[in-house]
Asks: 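Mind having a look at this structure? Questions to follow.
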Number of protein chains: 2
Amino acid sequence: MSKEAILEAAAQIIREKGYHAASMADIANAVDLSKATLYSHIDSKQAILVALLDQALETLIEDIQPVLTANVPADEKFRRAMHAFLSYMSENLDLSAVLLLEHRSLDPEKRGEHIPRRDEYESYWRQIIEEGVAEGIFTVEDPSLSAKVALGVASWTVMWFNPQGRLSAEQIADQSADILLEGFYKR
Amino acid sequence: MSKEAILEAAAQIIREKGYHAASMADIANAVDLSKATLYSHIDSKQAILVALLDQALETLIEDIQPVLTANVPADEKFRRAMHAFLSYMSENLDLSAVLLLEHRSLDPEKRGEHIPRRDEYESYWRQIIEEGVAEGIFTVEDPSLSAKVALGVASWTVMWFNPQGRLSAEQIADQSADILLEGFYKR
DNA sequence: GTCTATATGGTGATAGAC
DNA sequence: GTCTATCACCATATAGAC
């Protein structure tokens, strides 16, 4: 039994029930192990949560790097950032939901390490918007709020996105970027 | 000790810790009662959650009614809906967070009653957008998705809004509506 | 109405045999 | 590496005295 398989099963259960309601027995059951054997693969329940949040956030931060350094205008960067986020979200629904909704269950110490990384990710979105202002293609009153609005649109999709639904992640990213960019453009 | 005071304290604790991590001892402590006395005021922990979700959602649904029936164009209705939501959110932060984030902890039966009411609220936002299309002032590809985008912006604010922060709920509502409406307008 | 005390069951985590 | 059995603890909820 690989650690990856355990984390994947854990993500699904934690997403469904929430961190506290998800028991180690649930997780052990999902991967057909006894609780004791589960504990030979991982240190603690909290360690599972930390591993999940780290993995999800690190990947999102990695995925946005090529967007930031690409030689394209800010509006195109914004589109790519939205696509990267929704692509990751749709292919890692459980992990994304845990990242966005369960960080409050981190122990205070781990939470203190996590939040700055999360804020770093948000800063990349703000940076793209500020670039658009510097390029003269965006006019936004408040780039910091605009970034929160954009990331809010992206993040909230984990609450309703359905892989079997009418809209693909691509379509949602396209149309969300369309709507938001119109609000950013200089006119 | 009034039931309202108990629910208010419960909302704060459930918002902070999540439903499962919030214990009846925590809640009893917050209102200076013993656990047993707490149980003489409310039936169960689940009943607290149901009461909180009902109260929050009913108020939001009531608050949006005058917006829907007002004799103003759809863009003004949209602005008012955003203001109504953010006004309620900022004045009932704990309750709003519980409404938006804890409905998964409802027992299946209660959840089955809650979700349609929540969808009803979302339908009012979609209705406003469809009115704008009918009036010829909006051009949106997909009113259903546009409503989810707008409600996503509004809802995600509970994750970061700070009453002592730089931006008031009014300012956030203004600027969010500005950004989104530009994406809706016909051009 | 409010309390102390308790019933009953689930929780994270570990000991120790194989 | 995996298991059964168990520990110590915390949860929701209730009984019964005042």
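Computed from a predicted structure; not experimentally measured. Throughout, protein chains are lettered first and strands after them, A, B, ... in sequence-line order, and every chain is numbered starting at 1.
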Asks: B:Y88 and B:E62: side-chain donor and acceptor closer than 3.5 Å?
Replies: no

Asks: Is the shortest heavy-atom distance from the side chain of A:V98 to the side chain of A:D94 under 4.5 Å?
Replies: no

Asks: Is there a side-chain contact between A:Q46 and A:L106, using heavy atoms and a 4.5 Å cut-off?
Replies: yes

Asks: Give a yes or no answer on whether the side chain of B:D26 reaches the backbone of B:S23 with a donor-acceptor pair at less than 3.5 Å.
Replies: yes

Asks: By a strict heavy-atom criterion of less than 4.0 Å, which residues belonging to residues 36-46 of chain A are in contact with DNA chain C?
Replies: A:A36, A:Y39, A:S44, A:K45

Asks: Any side-chain heavy-atom pair from B:F161 and B:W156 closer than 4.5 angstrom?
Replies: no

Asks: For DNA chain C, which residues in residues 5-29 of chain B have a heavy atom at a distance below 4.0 Å?
Replies: none

Asks: Is NZ or CZ of B:K45 both nearer than 6.0 Å to the six-membered ring centre of B:Y19 and within 45° of the ring axis?
Replies: yes

Asks: Give the table of side-chain donor-acceptor pairs shorter than 3.5 Å for residues 178-186 of chain B, with sequence neighbours excluded, one pair per line with atom names and distance.
Replies:
residue: B:D178; atom: OD1; partner: B:R79; partner atom: NH1; Å: 3.0
residue: B:D178; atom: OD1; partner: B:R79; partner atom: NH2; Å: 3.0
residue: B:E182; atom: OE1; partner: A:R187; partner atom: NE; Å: 3.3
residue: B:Y185; atom: OH; partner: B:D75; partner atom: OD2; Å: 2.9

Asks: Name the atoms and distances for all side-chain donor-acceptor pairs under 3.5 Å in residues 126-139 of chain A, with sequence neighbours left out.
Replies:
residue: A:E131; atom: OE1; partner: A:K77; partner atom: NZ; Å: 2.8
residue: A:E135; atom: OE1; partner: A:A74; partner atom: N; Å: 3.1

Asks: Enter the distance from B:S155:OG to B:E122:CD here, rounded to the nearest 0.5 Å.
Replies: 9.0 Å

Asks: Using the heavy-atom set of chain A and a strict 4.0 Å cut-off, write down the first and last nucleotide of DNA chain C that makes it in, 5' to 3'.
Replies: C:dT11 to C:dA15

Asks: Who passes salt bridge (charged side-chain N to carboxylate O under 4.0 Å, His left out) against A:D142, sequence neighbours left out?
Replies: B:R166

